[in-house]
Student: 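Once you've had a glance at the structure underneath, I'll fire off some questions.
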Amino acid sequence: MLRSVILAAARSHRVERIVETAPVSRSIVRRFIAGEHVDDALQRTRELAADGLAVTIDYLGEDTTNPEQAETTRDEYIKLLDALHAAELTPAAEVSVKLSALGQVFDEKLAYENVRAICAKASEAGTTVTLDAEDHTTTDSTLDVLGRLRGEFPTTGAVLQAYLRRTEADCRELAVEGSRVRLCKGAYREPESVAYQGRLDVDKSYVRCLNVLMSGTGYPMVATHDPRLVAIGEDRAKWFERSPDEFEFQMLYGVRPDEQLRLAQAGYTVRVYLPYGTQWYPYMMRRLAERPANVGFLARALRSRG
Ligand SMILES: Cc1cc2nc3c(=O)[nH]c(=O)nc-3n(C[C@H](O)[C@H](O)[C@H](O)COP(=O)(O)OP(=O)(O)OC[C@H]3O[C@@H](n4cnc5c(N)ncnc54)[C@H](O)[C@@H]3O)c2cc1C
C-alpha cells in the first residue's frame, strides 16, 4: 500500500517540485547518487574500483518527450564513455541506459539509433551497455531493441524483472551463450494482470528465474540486496559449477555498501549501479518505495513546505 502511494508520487510533478526543493532532500540524494556531473561519476567510480568493485553508470533521466532531450542524453553518454576510456576506467565500468530517456516513448526508431550510437562508443571504449528495464508496457519493445543490438554488439546486457509473470519465459529465451542478463525484482507499480503483487510470490519467481539463468549458458547478473537471495545466488553458482568469473552480483550505490565489500572480498565480482545527473527525483522515489524506513524523509520534505 505504502509502496504504491510512493510510486504514484514518483509520477507527480507537484510532489516532485516540493521534494526537489526541500532542504532535507540533499542528504538522501547524496547517499544514493554520485553527483550531477561526469566528473562526479568518475570520482565515485575511481573510489569504488579502488575497493575492488565493478561499476555500471546511469545518467539519470527517463520518459523523455522530445528528440532534442533524447539527443542530449545520447551525447551525455558519449561524453561519459570518452571520459571513462581516457581515465582507464573501462572495462571495470560499463553504462546502464533507459530507452525511455532516448525517445522510446514517442519514436522507437530514434531510441534505437541513439542507443546504437552509445553501444558503438562503448565498444570503442572497451566496455559495454546494459538496457535497464522500465514499466511493463516497454518490455516487448526493449527486448526487441536488445535483440537487434546483440547482432552488432553481442555483449549488450538485458534486465529482467522477477515480479513480471512473463519473466521466467524471458529468462529461458535469454539464458544462451554470451547473453548478459541482470535479474532484479522490479521497481515499478504494475497491475496484477501482469505482475505478482506479494513479496513471497516475487521472491519465489526470482528463485525460479535464477535457476533458469544459472543453469543456462549465459552470464547471470544477480541484482538484489536481499540477504536470502544473495545466499541462494551463491548456492546456485556452486550447484551449477560456475566460477566467480561466470556470473556477478549487482547492488545499488548507497545500499548495503558493507555487503558489497564483503562479497568482493570473498572473491565474487560485485558491480555497483551508480547514477548521476540532476534528474534524480523518480529514481530516488523508487528507492524510498523499496524501504518504508526511508519514508520519514518524505514526510519531513512535505511538512517543510506544508
Ligand atoms: C544493480 C541493480 C540494477 C537494477 N536495475 C533495475 C531495472 O533496470 N529495472 C527495475 O525495475 N529495477 C531495477 N532494480 C531495482 C530492483 O528491481 C528492486 O526494486 C530493488 O533492488 C529492491 O529489491 P531487492 O532485491 O534489493 O529486495 P528488497 O526485498 O526490496 O530488499 C531487501 C533488503 O535490501 C535492503 N534494501 C533494499 N532496497 C533498499 C533501499 N532502497 N535502501 C536501503 N536498503 C534497501 C533492505 O535491507 C531490504 O530489507 C535494480 C536493482 C539493482 C540492485
Side-chain angles (χ1 to χ4, degrees), residues 2-4 6-7 10 27-33 48 53-60 62 93-101 104 129-139 142-143 146 156-164 166-167 170 180-190 194-207 209-210 220-233 247-260 263 269-275 280 282-298:
L2 191 55
R3 179 171 177 272
S4 288
I6 301 171
L7 290 177
S27 65
I28 197 120
V29 168
R30 252 202 312 271
R31 176 177 160 197
F32 290 119
I33 289 155
L48 293 164
L53 298 162
V55 179
T56 183
I57 304 178
D58 166 46
Y59 175 57
L60 290 163
E62 52 201 83
E94 56 142 59
V95 297
S96 282
V97 172
K98 283 187 176 50
L99 289 180
S100 80
Q104 184 184 39
V129 174
T130 297
L131 303 185
D132 279 353
E134 302 182 66
D135 74 66
H136 80 277
T137 62
T138 64
T139 309
T142 300
L143 293 181
L146 175 87
T156 309
V159 180
L160 296 178
Q161 297 152 313
Y163 65 13
L164 293 184
R166 60 177 284 167
T167 292
D170 289 334
R180 297 166 61 250
V181 180
R182 174 195 300 160
L183 180 64
C184 63
K185 287 190 186 180
Y188 295 78
R189 192 164 64 134
E190 299 288 15
V194 298
Y196 301 110
Q197 305 291 309
R199 293 184 77 87
L200 187 60
D201 287 333
V202 175
D203 290 358
K204 282 197 217 158
S205 168
Y206 196 103
V207 175
C209 293
L210 191 61
M221 306 189 277
V222 185
T224 182
H225 314 97
D226 188 327
R228 277 197 335 179
L229 293 179
V230 169
I232 292 172
F247 75 103
E248 67 186 45
F249 287 108
Q250 296 193 344
M251 294 193 187
L252 302 175
Y253 181 70
V255 181
R256 302 197 72 205
D258 294 347
E259 178 67 358
Q260 296 172 13
L263 288 167
T269 301
V270 180
R271 190 174 301 277
V272 178
Y273 185 102
L274 180 72
W280 46 259
Y283 177 86
M284 198 188 72
M285 293 298 274
R286 289 197 291 275
R287 303 297 73 83
L288 296 184
E290 282 151 14
R291 191 155 162 81
N294 290 336
V295 164
F297 146 78
L298 190 60

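Atoms within each ligand, like the ligands themselves, are counted from 1 in listed order. Since we're looking at a predicted model, the values are computed, not measured.
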Student: Pull out every atom of ligand 1 sitting under 4.0 Å from any heavy atom of D132, numbered as shown with elements.
Tutor: 8 (O)
Student: Looking at atom 32 (C) of ligand 1, what's its closest protein heavy atom, distance included?
Tutor: D226 CA, 3.6 Å
Student: By number and element, which atoms of ligand 1 are closer than 4.0 Å to a non-hydrogen atom of R31?
Tutor: 42 (N), 43 (C)
Student: At their closest point, which heavy atom of P275 faces which heavy atom of Y253, and how far apart are they?
Tutor: CD-CB, 4.2 Å
Student: The criterion is side chain to side chain donor-acceptor pair (under 3.5 Å); which residues satisfy it with D203, sequence neighbours excluded?
Tutor: K185
Student: Would you say the side-chain atoms of T167 and Q161 include a donor-acceptor pair closer than 3.5 Å?
Tutor: no
Student: Would you find a donor on one side and an acceptor on the other, under 3.5 Å apart, between the side chain of Q197 and the backbone of E190?
Tutor: yes
Student: Among H225, Q161, E190, K185, which residue places a heavy atom closest to atom 21 (O) of ligand 1?
Tutor: H225
Student: Could you identify the single nearest non-hydrogen protein atom to atom 24 (P) of ligand 1 and state the distance to 0.1 Å?
Tutor: T224 OG1, 3.6 Å
Student: Which residue supplies the protein heavy atom nearest to atom 5 (N) of ligand 1, what is that atom called, and how far is it?
Tutor: R182 NH1, 3.2 Å
Student: Evaluating non-hydrogen atoms only, which member of E290, E259, Q250 is closest to atom 1 (C) of ligand 1?
Tutor: Q250
Student: Can you sort out which atoms of ligand 1 are near Y273, meaning under 4.0 Å from one of its heavy atoms?
Tutor: 1 (C), 3 (C)
Student: Just to verify, what does E248 make a side chain to side chain donor-acceptor pair (under 3.5 Å) with, not counting sequence neighbours?
Tutor: Y219, Q250, R271
Student: So is A187 polar-close to ligand 1, meaning N/O to N/O under 3.5 Å?
Tutor: yes
Student: Note the single closest protein heavy atom to atom 41 (N) of ligand 1, along with its residue, its atom name and the distance in Å.
Tutor: R287 O, 3.1 Å
Student: Does ligand 1 have a heavy atom under 4.0 Å from the side chain of K98, from its backbone, from both, or from neither?
Tutor: neither
Student: Just let me know how L252 lines up against ligand 1, side chain, backbone, both or neither, with a heavy-atom cut-off below 4.0 Å.
Tutor: both
Student: Can a donor-acceptor pair be found, under 3.5 Å and without considering hydrogens, that links the side chain of Y163 to the backbone of Y188?
Tutor: yes
Student: How far is atom 47 (O) of ligand 1 from the closest protein heavy atom, and which atom is that?
Tutor: R291 NH1, 3.7 Å
Student: Check L210 against V222 and note the closest heavy-atom contact, atom names and distance.
Tutor: CD1-CG2, 3.8 Å
Student: Nearest protein heavy-atom contact for atom 30 (O) of ligand 1: which residue, which atom, what distance?
Tutor: R199 NH2, 4.0 Å
Student: Quick one about S96 and T130 (side-chain donor to acceptor, distance below 3.5 Å, no hydrogens or angles considered), yes or no?
Tutor: no
Student: Under a 3.5 Å distance rule, please check whether S205 uses its side chain to pair with a backbone N or O of D201 as donor and acceptor.
Tutor: no
Student: Between V159 and ligand 1, which part of the residue brings a heavy atom under 4.0 Å of the ligand: side chain, backbone, both or neither?
Tutor: side chain
Student: Is the NZ or CZ atom of R286 both under 6.0 Å from the centre of the six-membered ring of Y283 and within 45° of that ring's axis?
Tutor: no
Student: Name the closest protein heavy atom to atom 36 (N) of ligand 1, giving the residue it belongs to and the distance to 0.1 Å.
Tutor: V255 CG1, 3.7 Å
Student: Quick one: look up the protein heavy atom nearest atom 17 (O) of ligand 1 and list residue, atom name and how far away it is.
Tutor: G186 N, 2.6 Å
Student: Between T156 and R180, does the side chain to side chain donor-acceptor pair (under 3.5 Å) criterion hold? Intermediate values first, please.
Tutor: CA-CA 7 Å; T156 309; R180 297 166 61 250; over 6 Å; no
Student: Applying a heavy-atom cut-off of 4.0 Å, say which part of Y188 lies close to ligand 1: side chain, backbone, both or neither.
Tutor: side chain
Student: Below 4.5 Å, heavy atoms only, C-beta onward: do R287 and L252 meet side chain to side chain?
Tutor: yes
Student: Please state which option from A133, G254, C184 has its nearest heavy atom closest to atom 50 (C) of ligand 1.
Tutor: C184
